[in-house]
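Right, one structure below, let's go through it.
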Amino acid sequence: MKIEATTAKAYQLVHDGILALARAERQGIRIDTEYCEQKIQHLTRKIQYLEKKLEDTKFYRHWQHIYGRKTNIHSNHQLSRILYKDMKIEPLKMTGKGVQGATDEAALEQINIPELKTILEIRKLAKIKDTYLGAFLREASDGYIHPFFNLHTVKTHRSSSSCPNFQNVPKRDKEALKICRRALFPRPGHMLVEADFSSIEVMLSCCYSKDPTMINYVKNKKSDMHLDMAKQIFIFDKLDKNVPAHAILRQAAKNAFVFPQFYGDYYGNNVKGLADWVKLPQSRWKSGMGVELPDGRYISDHLSTQGIRSFDKFTEHLKGVENDFWNNRFKVYNAWRKAWVAEYRKKGYLKMLTGFICSGIMGKNEIMNYPIQGTAFHCLLKTFILLDEAMRKEQWDTKLIGQIHDSIIMDVNPNEFEHVQLTAHKIVKEELPALWNWINVPLNIEIDVYGVDQSWVKPITS
DNA sequence: GGAACTCGCCAC
DNA sequence: AAACGTGGCGAGTTCC
C-alpha cells in the first residue's frame with residue numbers, strides 16, 4: 001500500500017514532524033549496556049535450567065520419539081503436531097491462517113499438561129531476552145539507542161518505530177516491565193518524563209461525531225462512561241469505583257465491552273471477555289461463582305437475582321446492552337458512523353480532519369477506525385513539533401527522545417521541569433485548539449515523572 | 001544461503 | 001449477515 005500525506009496541510013505536518021522526530025532520533029535514549037549483558041546471561045541460564053527440566057519429562061521424550069534429532073521445544077509447528085495430531089487433543093482454536101491448531105498462551109492454558117507451563121515460561125523469558133534486551137544491545141552505540149520513528153509506513157497515518165521498536169516495550173506484565181525498562185535511563189542528573197494524552201481516541205470520536213452524550217462524558221468530571229456501562233452490564237443501581245470489587249467490574253466493562261465495541265466488535269465476542277474478567281464459566285452458573293462482591297455475595301448470585309443464571313442468558317442480556325449502546329446512548333455517534341461509511345463508499349476515499357486521505361479498499365471497521373486513530377496521533381505529532389520548537393528556541397537542556405502514539409518521552413533537566421510541564425500544557429490546552437477549530441472537547445495530558453538518574457521502571461508521581 | 005512466509009507476542 | 005483497529009520483530013519453516 002502506498003502511503004502519502006495528500007493535502008498541503010497534511011504534507012506540512014509530516015514535513016515538520018519528520019524533522020522534529022529526526023532530532024529526537026539523533027538524541028537517542030541512554031542505555032545501561034552492562035546491565036543488558038548481565039541480564040541476558042542471567043536469562044540464558046534460567047532458560048537453560050527450564051529446558052533441562054523439560055527434557056527430563058515423559059512429554060519431552062514422546063516429542064523426541066516423533067522428531068528425533070530435530071526436536072526443538074521452540075518450534076510451535078512441532079508442538080502443534082504433537083498435541084493435536086499425535087496426542088489427538090481437540091484444538092480449541094486454530095492459528096490465524098487456520099491450518100493448524102493454535103499453540104499460543106490462551107490455547108496452551110486450556111490443556112492440562114504441566115510441561116506446557118514450562119514452555120510458556122521459556123517463551124516469556126526468551127521474548128524478554130531476544131526481542132528487547134538483545135535488540136537494545138544490538139542497536140546500542142556509545143551508550144545510547146536511537147530508535148527510528150517513521151511517518152510513512154502506516155495505513156492510518158500513525159507512526160511506527162524500529163531498530164529497536166521503542167513503541168512496544170513491556171508495560172502490562174510487571175516482571176517483563178521491570179527487566180526491560182530497567183535498561184533505559186535519562187542523561188546524568190536528568191529524569192525521564194512521559195506526557196500522555198488522556199483518552200485521546202475518545203476525544204477524536206467526539207470531534208468527528210459531535211455526539212453530545214460522549215462530549216458530556218469527557219467534559220463532565222463527575223460522569224464516568226465505563227462505570228455507567230459496568231452498572232448496565234452487571235445490573236447494579238449503584239457502583240463505587242473506589243471499592244476494589246467494583247473497580248474490577250468497571251475495568252471489565254472498559255476493556256471487554258466499551259473499547260472492543262468502538263473498534264467494531266460485537267456482543268457475542270464481548271460476552272466471553274466479560275465472563276473471563278469476572279471469572280464466570282461459559283456454561284450454567286451456580287451459587288458462589290465468579291468474583292466476590294463487597295457484601296460477601298458472589299457475582300453469580302447477584303446476576304441470578306436479576307434472572308441471569310447462565311452464560312447464554314448473559315449473552316442475551318448483553319445483546320440488549322449493545323443495542324442500547326448504539327441506538328440510544330450513543331445514537332449520534334452511530335449516525336455519524338453510518339454517514340461516514342456511506343460517504344467513503346460514494347467517494348472511494350476518506351479525508352481526516354487533519355487533511356490526510358486514506359484510499360483503497362476498506363472494510364467498515366477500517367473506515368471508522370482510521371480517522372480516529374490517525375487524527376489522534378496527529379494531535380500528538382503537532383504537540384511534539386511545538387515542544388521541539390520551544391526547546392530549540394529557548395535552548396533547553398531538556399531533550400525530546402521518543403514518542404509512543406499518544407505519549408511523548410523526554411529527558412528532562414530537573415531545573416527545567418516546571419517550565420517544560422507548563423509549556424506542554426499550554427500547547428495541548430491552548431495552542432492546539434486555537435490551531436484546529438474542529439477540536440470540540442478539552443484536550444489534556446498526564447505527566448509521569450521518573451526519578452533523577454532512575455530508569456524507566458516506576459514513576460515517582462501519579 | 002537468503003527471501004518470504006507463519007506464528008506468537010509486545011505496545012497503543 | 002457478520003463480527004477487533006494499527007504496527008515491529010524473533011524464531012521456525014518453506015521456497016527458490
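We name chains A, B, ... by the order of the sequence lines, and we start the count at 1 in each one.
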ask   = A/Phe377 near the nucleic acid: base, sugar-phosphate alone, or nothing, with a heavy-atom cut-off under 4.0 Å?
value = nothing

query = Quick one: are the ring centres of A/Trp456 and A/Phe166 less than 6.0 Å apart?
reply = yes

request  = Check whether any side-chain N or O of A/Arg172 sits under 4.0 Å from OP1 or OP2 of B/dA11, and answer yes or no.
outcome  = yes

request  = Would you mind telling me which of C/dA3, C/dA11, C/dC9 lies closest to the side-chain atoms of A/Cys163?
outcome  = C/dC9

inquiry  = Quick check for you: among C/dT6, C/dG10, B/dC10, whose closest atom lies nearest to any side-chain atom of A/Lys127?
reply    = B/dC10

inquiry  = Under 4.0 Å, heavy atoms only, any strand: does A/Thr103 hit a base, just the sugar-phosphate, or nothing?
reply    = sugar-phosphate

message = Parallel, tilted or perpendicular, judged at 30° and 60°: which one describes the rings of A/His15 and A/Tyr11?
response = perpendicular

key: Residue-phosphate contact under 4.0 Å: A/Gln373 side-chain N/O, C/dG7 OP1/OP2   = no

Listed nucleotide nearest any side-chain atom of A/Ile404, set B/dC12, C/dT6, C/dG7 = B/dC12

query = At under 4.0 Å between heavy atoms, what does A/Gly264 touch on the DNA or RNA strands: base, sugar-phosphate, or nothing?
reply = sugar-phosphate

request  = Applying side-chain contact (heavy atoms from CB on, under 4.5 Å) between A/Ile233 and each of A/Leu249, A/Val271, A/Val321, report the one that passes.
outcome  = A/Val321

task = Would you mind classifying the nucleic acid contact of A/Pro260 as base, sugar-phosphate or nothing, using non-hydrogen atoms under 4.0 angstrom?
result = base

key: Sugar-phosphate only, base, or nothing, as touched by A/Lys171 at under 4.0 Å among non-hydrogen atoms   = sugar-phosphate

key: Listed nucleotide nearest any side-chain atom of A/Thr156, set C/dT13, C/dT6, C/dG12   = C/dT6

query = How is A/Asn369 classified with respect to the nucleic acid when contacts are heavy atoms under 4.0 Å: base, sugar-phosphate, or nothing?
reply = sugar-phosphate

query = In terms of side-chain heavy atoms of A/Asn76, which of C/dG7, B/dG8, B/dC12 is nearest?
reply = B/dG8

query = Contact class for A/Gln78 (heavy atom, under 4.0 Å): base, sugar-phosphate, or nothing?
reply = sugar-phosphate

ask   = Can you tell me if the side-chain N/O atoms of A/Tyr370 get under 4.0 Å from OP1 or OP2 in C/dT6?
value = yes

query = Where the side chain of A/Asn168 is defined as all heavy atoms beyond and including C-beta, which of C/dT13, C/dC4, B/dC10 is the nearest nucleotide?
reply = B/dC10

request  = May I ask you to check whether A/Tyr333 and A/Trp326 place their ring centres under 6.0 Å from each other?
outcome  = yes

request  = Describe the nucleic acid contact of A/Glu201 in one word from base, sugar-phosphate, nothing, applying a heavy-atom distance below 4.0 Å.
outcome  = nothing

request  = Kindly indicate whether a cation-pi arrangement holds for A/Lys46 with A/Tyr49, taking the cut-offs as under 6.0 Å to the six-membered ring centre and within 45° of the axis.
outcome  = no

inquiry  = In this structure, is the centre-to-centre distance between the rings of A/Tyr217 and A/His226 below 6.0 Å?
reply    = no

ask   = Do any side-chain nitrogens or oxygens of A/Ser160 fall under 4.0 Å of OP1 or OP2 in C/dG8?
value = yes

inquiry  = Students often get this wrong, so: under 4.0 angstrom with heavy atoms, is A/Ser161 touching a base, only sugar-phosphate, or nothing?
reply    = sugar-phosphate

ask   = Would you say A/Asn72 reaches C/dG12's phosphate, i.e. side-chain N/O to OP1/OP2 under 4.0 Å?
value = yes

query = Phosphate oxygens OP1/OP2 of C/dT13: is one of them under 4.0 Å from a side-chain N or O of A/Ser75?
reply = yes

message = Let's test your reading of the model: under 3.5 Å, does the base of B/dC12 pair with the side chain of A/Arg158 as donor and acceptor?
response = yes

ask   = Nearest nucleotide by nearest heavy atom, which residue falls closer to the 5' end of DNA chain C, A/Arg138 or A/Glu366?
value = A/Glu366

